[in-house]
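Single-structure report; data block below.
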Amino acid sequence: MTEPSVLQRFIDSLKIRPARPSVGPKSGLYHYEYLEKEWPTRFHLRIDPDGQGLLLANAAQAAVLSASGVLMVQGILEGREDHEIFLDVGKTFPDVTGDEIWTGIAEVQALIADLGTPGDNYPISNLDDPYAATRSRMLAAPLRADVVPSELEQTKRVLQRLWDAGIPQATILVQSETDRETVTRIVESAEDLGMITGLRTLAHWLPADILDEAANAGLDHLTLVYISPIPQQHDGLTAAGDHDLALRHFARCHEVELCPVAQVPLFRDNVDGLDTLIAKLGDRGVSNISFFALACPDDDQAARQAGALPGSTLPQVATTINEAAENAQVRYLWEPPVRFDATRSLSDHIVAGPRAAGDVAIRVEADGTVYPARGPRTAAGNILQDDWEQIWRSACFARYRERLAAPTRCADCPDLPICAADCPRDGRGWSDDTTGGDDS
């Protein structure tokens, strides 16, 4: 199952759209904890300089907000009375009628209640409809950063700069060389800022005691590489015992109230068993699965022999996953395909994972260098050195947004979720870290 589509519904339902408010709330990222009945929900409200914004609930669902919607949402989440919100909106948007304001307040209250419905959902990787999300405006910043950690103080600086840029969630990419003692402190730092925080790693890189410490520090989700329900196949591409430890970590997530996520690489030797893989994960309570394909052009024989999937086969693989996920009642997410580099092993690609987990995400290297999720490995700037606006307006991000905004649906597979952001058969939309990847 894919995430509920609140984006288009909100865009269509909230009709109050004055072009220029007389006064508006200050731009920035605001963090709230809101109690809907007995269920607490973490909301992030990002207000952009144009007065419009985004509302995220537990960083798992998002809604695009008009300028008036921002004012209403902020008032409700701050606990203000309806009549106070009515007066504020009326003063800020004098051309809007009273009936329109009351209707808008009711619709925003319903939206917040809907977003606050509890569920074990993985933080956003892709918006349901990127075109709907950017129809009237562009995002002022991504919603997520996948961060390669460095020493503690530098990583804390990276997190602060991301928060200042309006990025509400961070996933720490725990590496084999990452100092385990700093993992918990990095999570604490992100949580102190109000970020939704996750870890992505291999199971044997994360000792059980560190997992428990991170959970106590406020970790929200744990993403583990999961290749196959056959232990020998999984361990052969990771490490001995990694499969069994991954299953133990998934079970522990439920005990310590973490959201477990399985990140599944797709390659020649595991695609025939995807139905079984998805069903077995669902049986173990892992209801959030992300997929990334190790892809190659159809004529790249070296990559195909190494295990990569030809681009032309990806729609059929996606169809299989869609049907299996529906049958198992699990939620799946697509991460950008990774172009296979024949100079690196299949194991290296799997362990490294995708550059960034989704089309509303960026990658930040240990030194602060920023990369978009798709396209050639072209740096957009450095989060520790450059102003965010300079990074976001860089040439590579401009090209990236242009591709996402372009229509990618076709008559061959009109309904596949993987096609929402870019055609999976088109290598220009893959994450390409191969030697020689350029801006052409």
Side-chain angles (χ1 to χ4, degrees), residues 1-5 60-61 119-126 128 171 198 200-203 221-238 242-254 258-295 307-310 313-338 346-347 349-351 353-354 357-359 413 415-421 424:
M1 295 183 296
T2 55
E3 56 261 69
S5 179
Q61 298 186 69
D120 186 22
N121 285 333
Y122 176 50
I124 293 170
S125 179
N126 296 79
D128 284 354
T171 296
R200 183 272 183 191
T201 189
L202 269 64
H221 62 93
L222 174 67
T223 299
L224 295 177
V225 175
Y226 190 81
I227 298 170
S228 167
I230 304 170
Q232 297 89 335
Q233 184 179 24
H234 177 101
D235 291 352
L237 291 166
T238 54
D242 191 81
H243 181 272
D244 288 345
L245 185 56
L247 295 182
R248 291 201 297 272
H249 280 354
F250 284 144
R252 185 59 178 161
C253 283
H254 293 296
L258 286 180
C259 176
V261 184
Q263 184 186 67
V264 179
L266 302 171
F267 56 100
R268 181 192 60 205
D269 294 336
N270 76 341
V271 292
D272 288 339
L274 289 175
D275 296 68
T276 301
L277 180 150
I278 291 170
K280 285 187 175 295
L281 285 172
D283 290 343
R284 290 183 174 271
V286 182
S287 57
N288 293 278
I289 308 174
S290 65
F291 296 93
F292 71 97
L294 297 174
L309 295 173
T313 67
L314 296 187
Q316 182 55 52
V317 173
T319 299
T320 299
I321 290 172
N322 182 49
E323 294 172 352
E326 289 288 345
N327 290 335
Q329 290 296 289
V330 301
R331 182 175 184 262
Y332 69 93
L333 299 167
W334 285 110
E335 300 176 342
V338 173
L346 177 63
S347 177
H349 284 83
I350 289 170
V351 168
D359 294 308
C413 40
D415 299 321
L416 280 179
I418 193 176
C419 302

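One is the number of the first residue; the rest follow in order along the sequence.
Between the side chains of Glu335 and Ser290, at least one donor N or O lies within less than 3.5 Å of an accepting N or O.
His234 places no side-chain N or O within 3.5 Å of a backbone atom of Asp244 that could act as its donor or acceptor partner. Checked by atom type and distance alone, the side chain of Asn288 never pairs as donor or acceptor with a backbone atom of Arg331 at under 3.5 Å. Here the side chain of Asn322 pairs no donor or acceptor atom with the backbone of Ala318 at under 3.5 angstrom.
Note: Gln232 CD to Leu237 CG = 12.0 Å, rounded to the nearest 0.5 Å.
Among all heavy-atom pairs drawn from His249 and Ala203, the shortest one is NE2-O, 3.4 Å. Nearest heavy-atom pair, Ala295 versus Ala308, reported as atom, atom and distance to 0.1 Å: C-CB, 4.3 Å. Here the closest non-hydrogen pair linking Val338 and Pro354 is CG2-CA, 3.7 Å. Of all non-hydrogen atoms in His254 and Val286, the two that sit nearest each other are NE2-N, 4.4 Å. Of all heavy-atom pairs spanning Gly353 and Arg200, the tightest one is CA-NH2, 3.3 Å. Closest approach of Leu258 to His221, counting heavy atoms only: CD2-N, 4.3 Å.
Under the rule for a side-chain contact (heavy atoms from CB on, under 4.5 Å), the partners of Pro310 that lie at least two apart in sequence or sit in another chain are Asp298, Arg304, Ser312, Thr313. Applying the ring-ring contact (aromatic ring centres under 6.0 Å, His included) criterion to Phe291, with sequence neighbours excluded, gives Trp334. Every residue two or more places apart in sequence or in another chain was checked for a ring-ring contact (aromatic ring centres under 6.0 Å, His included) with Phe292, and none qualifies. Partners of Ala279 under the side-chain contact (heavy atoms from CB on, under 4.5 Å) rule, at least two apart in sequence or in another chain, do not exist in this structure.
Using a 4.5 Å heavy-atom threshold, the side chains of Ile321 and Ile289 count as separate.
Applying the salt bridge (charged side-chain N to carboxylate O under 4.0 Å, His left out) test to every pair with at least one member in residues 280-295, sequence neighbours left out, gives no pairs at all.
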Indicate every side-chain donor-acceptor pair of residues 270-278 with a distance under 3.5 Å to a residue at least two apart or in another chain.
from: Asn270; atom 1: OD1; to: Phe267; atom 2: N; distance (Å): 3.0
from: Asn270; atom 1: ND2; to: Ile227; atom 2: O; distance (Å): 3.3
from: Asn270; atom 1: ND2; to: Pro265; atom 2: O; distance (Å): 2.7

